[in-house]
Engineer: 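Questions regarding the structure given below will be posed in turn.
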Amino acid sequence: MALISILGGGESGVGTAILGKQKGFAVFVSDKGKVKEKYANILNEQNIEFESEKHSLDKIFIADLVMKSPGIPDTIPLVLKLKSMGIPVISEIEFASEFTDATIIGVTGSNGKTTTSMLLYHILRQAGLNCGIAGNIGDSSAKQVATQSYENYVLELSSFQLD
C-alpha cells in the first residue's frame, strides 16, 4: 500500500486525506501548527493518523508521495529535502484531478476570482449541468471528488494553489 504524507491539516489536507484513504493509500497528516478542532474531529472519525504542532520526519520521509497544502512555501527546508530525496511533492488540486474524469474550469487572477467562479457555477447549473464548486470556495476539491459525483468542477485557484 502506497503511503501519502500530507503536510497541513486544514481544508486541503483533510480533503486529500479523505480521498487518499478512499483510494487505498495509507495516510499520514502532519501539521506544524495546531490542527483546528473541526478538522481533528474529521480525521478521528475517518480513522486517519495525524499529528499536530510538529513534523515527525521519520514518518514523512518514508512517503511515496507528499501533498503540500497551498500555504506552505516550496522553499522551506522540509520540502527541499523531500524533493532532493526524489519524493514527489504535489498539490491537493493535482492529487484530486488524478481521480476524476470531470471537466475542470480553473479560475485564476488577481481580482474577481470568487465572483467569476460563482457566476460560472451558477450559469452551468442553470444550463442543467452536473457541477461542483471548490478551491477557495466551500469544501476542497479532493473532498468533493471523494464524496460527490460531478461531471464538471469550477475551481477558484489562488496563486498558492497553482504553485
Side-chain angles (χ1 to χ4, degrees), residues 1-36 39-40 42-109 113 117 132-163:
M1 178 182 303
L3 170 64
I4 181 168
S5 287
I6 299 166
L7 302 179
E11 185 66 34
S12 292
V14 171
T16 300
I18 291 168
L19 180 59
K21 181 178 179 187
Q22 182 187 82
K23 297 302 178 183
F25 285 83
V27 179
F28 176 66
V29 178
S30 179
D31 196 314
K32 195 168 185 178
K34 183 160 180 59
V35 174
K36 290 182 181 176
Y39 294 125
I42 293 168
L43 293 167
N44 283 324
E45 288 167 10
Q46 295 284 324
N47 200 26
I48 295 171
E49 183 183 2
F50 74 98
E51 65 182 0
S52 188
E53 300 182 278
K54 65 179 177 177
H55 285 314
S56 296
L57 300 181
D58 58 325
K59 291 184 178 184
I60 295 168
F61 289 154
I62 61 169
D64 299 290
L65 176 68
V66 171
M67 190 291 293
K68 175 186 75 66
S69 290
I72 300 171
D74 283 338
T75 55
I76 66 167
L78 174 55
V79 172
L80 294 174
K81 177 70 173 172
L82 287 162
K83 289 179 178 181
S84 75
M85 294 171 67
I87 299 172
V89 178
I90 64 169
S91 71
E92 174 243 340
I93 302 297
E94 184 177 358
F95 185 73
S97 70
E98 292 293 321
F99 299 103
T100 183
D101 292 327
T103 299
I104 297 173
I105 301 168
V107 180
T108 68
K113 292 184 297 295
S117 297
I133 188 166
N136 289 337
I137 301 174
D139 290 333
S140 71
S141 64
K143 183 177 180 187
Q144 287 195 36
V145 168
T147 62
Q148 305 292 322
S149 181
Y150 293 120
E151 295 171 0
N152 304 279
Y153 285 98
V154 176
L155 301 181
E156 178 190 349
L157 302 171
S158 69
S159 59
F160 297 110
Q161 289 166 308
L162 295 172
D163 197 20

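Numbers here simply count residues along the sequence, with the first being 1. Remember, it's a predicted structure, so these values are computed and weren't measured experimentally. Both backbone and side-chain heavy atoms feed into the values below; hydrogens, waters and symmetry mates do not.
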Engineer: Are the side chain of Asp64 and the backbone N or O of Leu3 linked by a donor-acceptor pair below 3.5 Å?
Structural biologist: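 The answer is yes, because a donor-acceptor pair under 3.5 Å joins these two groups.
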Engineer: Indicate whether any N or O donor in one side chain lies under 3.5 Å from an N or O acceptor in the other, for Ser12 and Glu92.
Structural biologist: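 Indeed, the side chains of Ser12 and Glu92 share at least one donor-acceptor pair under 3.5 Å.
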Engineer: Provide the full list of ring pair (Phe, Tyr, Trp, His ring centres under 6.0 Å) pairs with a residue in residues 69-93, sequence neighbours left out, each pair given once.
Structural biologist: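 Passing the test, one end in residues 69-93: no pairs.
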Engineer: Spell out, as yes or no, whether a donor-acceptor pair under 3.5 Å connects the side chain of Lys81 to the backbone of Pro77.
Structural biologist: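 It does not hold such a pair.
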Engineer: Taking atom CD of Glu11 and atom CD1 of Ile42, what is their separation to the nearest 0.5 Å?
Structural biologist: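 Rounded to the nearest 0.5 Å, the CD-CD1 separation comes to 7.5 Å.
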Engineer: Please check: side-chain N/O of Glu51 versus main-chain N/O of Ser56, any donor-acceptor pairing under 3.5 Å?
Structural biologist: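 Yes; at least one donor-acceptor contact below 3.5 Å.
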Engineer: Any heavy-atom pair between the side chains of Tyr150 and Thr103 that's under 4.5 Å?
Structural biologist: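 Thr103 does not reach Tyr150 side chain to side chain.
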Engineer: Would a 4.5 Å heavy-atom cut-off, applied to side chains only, mark Val14 and Ser140 as touching?
Structural biologist: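 No, every pair of side-chain atoms sits at 4.5 Å or beyond.
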Engineer: So, do Ile6 and Val27 sit near enough that their side-chain heavy atoms are less than 4.5 Å apart?
Structural biologist: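 With C-beta onward as the side chain, the pair touches.
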Engineer: Taking side chain to side chain donor-acceptor pair (under 3.5 Å) as the cut-off, I'd like each qualifying pair that reaches into residues 13-27, sequence neighbours left out, listed once.
Structural biologist: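 Listed by first then second residue: nothing to list.
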Engineer: How many angstroms lie between OG1 in Thr100 and CD in Glu151, if you round to the nearest 0.5 Å?
Structural biologist: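 Here the interatomic distance stands at 9.5 Å.
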Engineer: Assess the residue pair Ser5 and Leu7 against the criterion (side-chain contact (heavy atoms from CB on, under 4.5 Å)); give the C-alpha distance rounded to whole Å, side-chain angles, the decisive distance to 0.1 Å, and a yes or no.
Structural biologist: CA-CA 7 Å; Ser5 287; Leu7 302 179; 5.5 Å; no
Engineer: Please indicate whether Asn44 has more than 12 foreign heavy atoms, meaning atoms of other residues, nucleotides or ligands, lying under 6.0 Å from its CG.
Structural biologist: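 Enclosed: over 12 neighbouring heavy atoms sit under 6.0 Å from CG of Asn44.
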Engineer: If you take all heavy atoms of Gly135 and Leu155, which pair is closest and at what distance?
Structural biologist: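 Minimum heavy-atom separation between Gly135 and Leu155: N-CD2, 4.2 Å.
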Engineer: Would you indicate whether the side-chain heavy atoms of Leu82 and Phe61 approach each other to under 4.5 Å?
Structural biologist: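 When only atoms from C-beta onward are counted, Leu82 and Phe61 do touch, with a gap below 4.5 Å.
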Engineer: Any idea which heavy atoms bring Ala134 and Asp139 closest together, and the distance?
Structural biologist: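 Closest approach of Ala134 to Asp139, heavy atoms only: CB-O, 3.4 Å.
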Engineer: What residues form a side chain to side chain donor-acceptor pair (under 3.5 Å) with Thr147, not counting sequence neighbours?
Structural biologist: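 Partners of Thr147 under the side chain to side chain donor-acceptor pair (under 3.5 Å) test: none.
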Engineer: Rounded to the nearest 0.5 Å, what separation is found between the OG atom of Ser141 and the CG atom of Asn136?
Structural biologist: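 Ser141 OG to Asn136 CG: 10.5 Å, rounded to 0.5 Å.
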Engineer: Do the side chains of Ile4 and Phe95 get nearer than 4.5 Å, heavy atoms only?
Structural biologist: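 Contact flag for Phe95/Ile4 side chains = yes.
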Engineer: Which residues pass the side chain to side chain donor-acceptor pair (under 3.5 Å) test with Gln144, not counting sequence neighbours?
Structural biologist: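 For Gln144 there are no side chain to side chain donor-acceptor pair (under 3.5 Å) partners, ignoring immediate neighbours.
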Engineer: Between Ile60 and Ile87, is a side-chain contact (heavy atoms from CB on, under 4.5 Å) present by the stated rule, with each step listed?
Structural biologist: CA-CA 10 Å; Ile60 295 168; Ile87 299 172; over 6 Å; no
Engineer: If you look at every heavy atom in Ser52 and Val35, which pair is closest and at what distance?
Structural biologist: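 Closest heavy-atom pair between Ser52 and Val35: OG-N, 2.8 Å.
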Engineer: Atom OG of Ser91 and atom CG of Leu157: how far apart are they, to the nearest 0.5 Å?
Structural biologist: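 Atom-to-atom, Ser91:OG and Leu157:CG are 9.0 Å apart.
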Engineer: Using side-chain contact (heavy atoms from CB on, under 4.5 Å) as the criterion, list what pairs up with Met1, not counting sequence neighbours.
Structural biologist: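 Scan of Met1 (side-chain contact (heavy atoms from CB on, under 4.5 Å), adjacent residues dropped) gives Ala26.
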Engineer: With sequence neighbours excluded, tell me which residues meet side chain to side chain donor-acceptor pair (under 3.5 Å) with Glu49.
Structural biologist: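 Once residues adjacent in sequence are excluded, the partners of Glu49 under the side chain to side chain donor-acceptor pair (under 3.5 Å) criterion are Lys59.
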Engineer: Identify the heavy atoms of Ser97 and Ile104 that sit nearest to each other, and give their distance.
Structural biologist: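 Result for this residue pair: CB-CD1, 4.0 Å.
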Engineer: If you apply the rule side-chain contact (heavy atoms from CB on, under 4.5 Å), what do you find for Tyr39 with Asp31, and how did you get there?
Structural biologist: CA-CA 11 Å; Tyr39 294 125; Asp31 196 314; over 6 Å; no
Engineer: Can you tell me how far apart NZ (Lys143) and CD1 (Ile18) are? Round to the nearest 0.5 Å.
Structural biologist: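 Answer for the NZ-CD1 pair, Lys143 versus Ile18, is 5.5 Å.
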Engineer: Counting distance only, does the side-chain N/O of Ser69 pair as donor-acceptor with the main-chain N or O of Ile72 below 3.5 Å?
Structural biologist: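 Pair absent, no side-chain N/O of Ser69 close to backbone of Ile72.
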